[in-house]
Protein chains: 2
Amino acid sequence: MSEPKDYLGHFEEIVLLAVMRLAENAYGAKIRQTVSEATERDVSIGAVYATLDRLERKGYLKSWQGEATPERGGRAKRYFRVEGAGVQALNDTNGARNRLARGLDFGLDVA
Amino acid sequence: MSEPKDYLGHFEEIVLLAVMRLAENAYGAKIRQTVSEATERDVSIGAVYATLDRLERKGYLKSWQGEATPERGGRAKRYFRVEGAGVQALNDTNGARNRLARGLDFGLDVA
DNA sequence: TTTATATGTTCTACATTCTAGTATATGGAA
DNA sequence: TTCCATATACTAGAATGTAGAACATATAAA
């Protein structure tokens, strides 16, 4: 019953959370923007897609083709959704961290 | 006023937390054990030292020579302590994650 | 009916981090 | 003086992080 858990890298975790948060609206460009805001950093679009692709390959999320933006047109969007295994990985990653951080007082905002 | 923040890798974060938690007793072998328990995984000692060295190079922690184990002897320990910059990095890393996870309901244990 | 432009994705390459494994050092005990 | 337990240092390859340029395409404008 105890497979060695699978942990996410830092950026993988951030991207996966962004996809979750964006829900119905999770596609590359938007994900990039969300990640950029949360990290307060410029994040290249290539970095985001490379990570999305890896996460999909691992079965943590799934993607499918959508439509282009109605008004302005342009290339069609590729939407993403987090799969159960992704939620699991998110929880495992968080679990290990929490076991260590629990009770530690260094101003960690947990809110 | 806003330097681009510096984020920790997954394992770096884990190791840094372990050093904090171990306080006066933070040296390689013990850190490895603590990390191994928290992650429920076999962690090689080489992985731990490589990460400790990197963290020290970045100024996130500091190390100094201690004594050998009184009873059994053996090589002297190298103790580690987290520096202010390390706490800062821990908080920044956590901050970005929290901005994304806040309000998201997927069973994340925050306790 | 071309051309421009905004929107969005794919590809490629390199840097950094992760990780295991092996070698090395050293103090006390036999 | 050899052995053993305790610990750290080194090396190399795999995985992850990251940027940038190239490519694709639907509408609007000329």
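Each chain gets a letter, A, B and so on, in the order the sequences are listed, and its residues count up from 1. The figures that follow rest on heavy atoms only: side chains count, while hydrogens, waters and symmetry mates do not. Computed from a prediction, not measured in an experiment: that's the story for all the values here.
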Does Arg78(B) put a side-chain nitrogen or oxygen below 4.0 Å from OP1 or OP2 of dA9(D)? yes
Take Arg97(B) and Glu13(A) through the test salt bridge (charged side-chain N to carboxylate O under 4.0 Å, His left out) and record every step on the way to the result. CA-CA 8 Å; Arg97(B) 188 165 40 229; Glu13(A) 193 178 1; 3.4 Å; yes
Give a yes or no on whether the backbone of Gly66(A) and the side-chain of Tyr27(A) come within a donor-acceptor separation of less than 3.5 Å. no
Taking any heavy-atom pair under 4.0 Å as a contact, classify Arg32(B): base, sugar-phosphate, or nothing. nothing
Would you please say whether a donor-acceptor pair under 3.5 Å links the side chains of Glu56(B) and Ser63(B)? yes
Can you check the Arg75(B) CZ to dA25(C) C1' distance for me, whole Å? 4 Å
Do the side-chain N or O atoms of Thr69(B) get closer than 4.0 angstrom to the phosphate oxygens (OP1, OP2) of dA7(D)? yes
Pick base, sugar-phosphate or nothing for Arg41(A), based on heavy-atom distances below 4.0 Å to the nucleic acid. sugar-phosphate
Give the rounded distance in Å between these two atoms: CD of Glu67(B) and P of dT6(D). 17 Å
Find the distance Ile45(B):CD1 to dT24(C):C1' and express it as a whole number of Å. 14 Å
Can you tell me how far P of dA5(D) sits from CD of Glu71(B), to the nearest Å? 15 Å
Does Arg78(A) pair with Asp53(A) as a salt bridge, N-O distance under 4.0 Å? yes
Counting any heavy atom closer than 4.0 Å, what does Asp42(B) reach on the DNA or RNA strands: base, sugar-phosphate only, or nothing? sugar-phosphate
DNA chain D nearest-nucleotide lookup for Phe80(B) and Ala47(A): closer to the 5′ end is Phe80(B)
Gln65(B) atom CD: more than 12 heavy-atom contacts under 6.0 Å: yes
For Lys58(B), which contact category applies under a 4.0 Å heavy-atom criterion: base, sugar-phosphate, or nothing? sugar-phosphate
Value in whole Å for how far the C1' atom of dT17(C) lies from CD of Glu12(B): 7 Å
Both Arg72(A) and Lys30(A) contact DNA chain C. Taking the nearest nucleotide for each, which residue is further toward the 5' end? Arg72(A)
Need one value for Ala50(B): base, sugar-phosphate or nothing, where a base atom within 4.0 Å counts as base even if backbone is also close, heavy atoms only. base
Select base, sugar-phosphate, or nothing to describe what Gly46(A) touches, counting heavy atoms under 4.0 Å on all strands. base
Measure the distance from CG on Asp53(B) to P on dT11(D) and round it to the nearest whole Å. 13 Å
Below the 4.0 Å mark, does dC18(C) have OP1 or OP2 next to a side-chain nitrogen or oxygen of Arg54(B)? yes
Measure from CG on Leu55(B) to P on dT16(C) and round the result to the nearest Å. 15 Å
Rounded to whole Å, the CZ-P distance (Phe11(B) to dT19(C)) equals 6 Å
Shortest side-chain distance from His10(B), nucleotide among dT27(D), dC18(C), dT18(D): dC18(C)
Heavy-atom nearest nucleotide on DNA chain D taken for Ser44(A) and for Gly74(A); more 5' hit belongs to Ser44(A)
Using side-chain heavy atoms (C-beta onward) and a distance below 4.5 Å, is Met20(A) in contact with Leu90(A)? yes
Would you indicate, yes or no, if dA24(D) has its OP1 or OP2 atom less than 4.0 angstrom from a side-chain nitrogen or oxygen of Lys77(A)? no
Of the candidates dG17(D), dC18(C), dT7(C), the side chain of Thr51(B) sits closest to dC18(C)
